[in-house]
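The structure under discussion appears below in the form of structure tokens.
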Amino acid sequence: MAVEGGMKCVKFLLYVLLLAFCACAVGLIAVGVGAQLVLRQTIVQGATPGSLLPVVIIAVGAFLFLVAFVGCCGACKENYCLMVTFAIFLSLIMLVEVAVAIAGYVFRDKVMSEFNKDFRQQMQNYPKNNHTVSIVDRMQEDFKCCGAANYTDWESIPLMPKGRVPDSCCVNVTQGCGISFKVKEIHEEGCVEKIGGWLRSNVLVVAAAALGIAFVEVLGIIFACCLVKSIRSGYEVM
């Protein structure tokens, strides 16, 4: 039995929300992939809370897309079981997103400490690993920084000739500009503060986005429950 009256409006609004959920799912997957790439480029390694968040975001996005598809099928066919499944799974997703948002806030300082540790470790590997050279140089050029805390951190790294800094520290990067440099010709500020602060602020942005999406999902759960009630009433009449 087809839904009637005000439930047709609820059904239409549910379709709109389902489209929004699909867009949110794609957005979450894109954000998760982007965050994962950024963490790899900034050499945050290991199964740490900060590095696991992008994986959780991608998984939630993929699951949300699947749930939205189930909801669309359930609303279109006015199927009681599909709509109940949709409401339950959407509730679970909302809880996970709230947990991700809380974790993002709680571990925002952990991101900084992880990055500080990993960056200093990669500075030690700089003279003997070409891949590390490429990553560190790209970060120092992009964020206009030098060393972990400041440019003097490179004094403890055995670069040749002794006493130089990587060319990527220079304000105007040229071959050999880090040799016999003048302080005014290089970036003095360290990368941990600049990049770590950027990472921490973006974790908070992701947490805020997760909470925003969760609010929209609450509306979806309410509309789905209303539709479920209407479908059930139709079955009872029959």
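Criterion: ILVMFWY side-chain heavy atoms under 4.5 Å apart, direct or through other members. Under it, V173 and V165 are not part of a common hydrophobic cluster. Residues F65 and L17 do not share a hydrophobic cluster, defined by chaining ILVMFWY side chains whose heavy atoms lie under 4.5 Å apart. Grouping the Ile, Leu, Val, Met, Phe, Trp and Tyr side chains by contacts below 4.5 angstrom, directly or via other members, places V136 apart from V171. Grouping the Ile, Leu, Val, Met, Phe, Trp and Tyr side chains by contacts below 4.5 angstrom, directly or via other members, places L82 apart from L19. Placement of M83 and L219 within a single hydrophobic cluster is found when ILVMFWY residues are connected by side-chain heavy-atom separations under 4.5 Å, directly or transitively.
Distance CE/M123 to CG/L159: 8.0 Å, rounded to 0.5 Å. If you take CD1 on I221 and CE on M94, they are separated by 4.5 Å, rounding to the nearest 0.5 Å. Rounding to the nearest 0.5 Å places CD1 of I135 at 12.5 Å from CD of Q140. Atoms CZ and CZ, from F86 and F21 in turn, are 5.0 Å apart once rounded to the nearest 0.5 Å. Expressed to the nearest 0.5 Å, how far CG of L18 lies from CG of L13 amounts to 11.0 Å. To the nearest 0.5 Å, the span separating CZ on F115 from SG on C191 amounts to 6.5 Å.
Side-chain N or O atoms of D153 include one that pairs as donor or acceptor with a backbone N or O of A149 at under 3.5 Å. The backbone N or O of G176 lies less than 3.5 Å from a partner atom in the side chain of D167, making a donor-acceptor pair. For the pair Y80 (side chain) and K229 (backbone), a donor-acceptor distance under 3.5 Å is absent.
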Run L90 and L64 through side chain to side chain contact (heavy atoms under 4.5 Å, CB included) and show every step you take. CA-CA 7 Å; L90 195 58; L64 178 58; 3.9 Å; yes

Does the pair R164 and I179 meet the rule for a side chain to side chain contact (heavy atoms under 4.5 Å, CB included), with working shown? CA-CA 5 Å; R164 69 166 298 176; I179 303 173; 3.8 Å; yes

Please determine whether side chain to side chain contact (heavy atoms under 4.5 Å, CB included) holds for the pair N150 and E189, giving the CA-CA distance in whole Å, both sets of side-chain angles, and the decisive distance to 0.1 Å. CA-CA 5 Å; N150 55 56; E189 189 175 355; over 6 Å; no

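What you find for C145 and I195 is that their closest heavy atoms are SG-CD1, 4.4 Å. Across Y126 and P166, no two heavy atoms sit closer than the pair OH-CB, 3.3 Å. The shortest heavy-atom contact between G61 and A25 is O-CB, 3.2 Å.
With a 4.5 Å cut-off on side-chain heavy atoms, N79 and C73 do not count as touching. Inter-residue side-chain proximity for F143 and H187 is flagged as unmet; no heavy-atom pair is nearer than 4.5 Å.
Sorted by first and then second residue, the side-chain hydrogen bond (donor to acceptor under 3.5 Å, both in side chains) pairs involving residues 172-181 (not counting sequence neighbours) form an empty list.
A donor-acceptor pair shorter than 3.5 Å cannot be found between the side chains of S168 and E141.
Around atom NZ of K194, more than 12 heavy atoms belonging to other residues, nucleotides or ligands sit under 6.0 Å away. Counting heavy-atom neighbours within 6.0 Å of Y15 OH, excluding the residue itself, gives a total above 12.
C169 pairs with C146 as a disulfide, the SG atoms being under 2.5 Å apart.
Between Y151 and F181, the ring planes are perpendicular. Angles over 60° get that label, and only those under 30° would be called parallel.
Residues forming a ring pair (Phe, Tyr, Trp, His ring centres under 6.0 Å) with F63 (at least two apart in sequence, or on another chain): F89.
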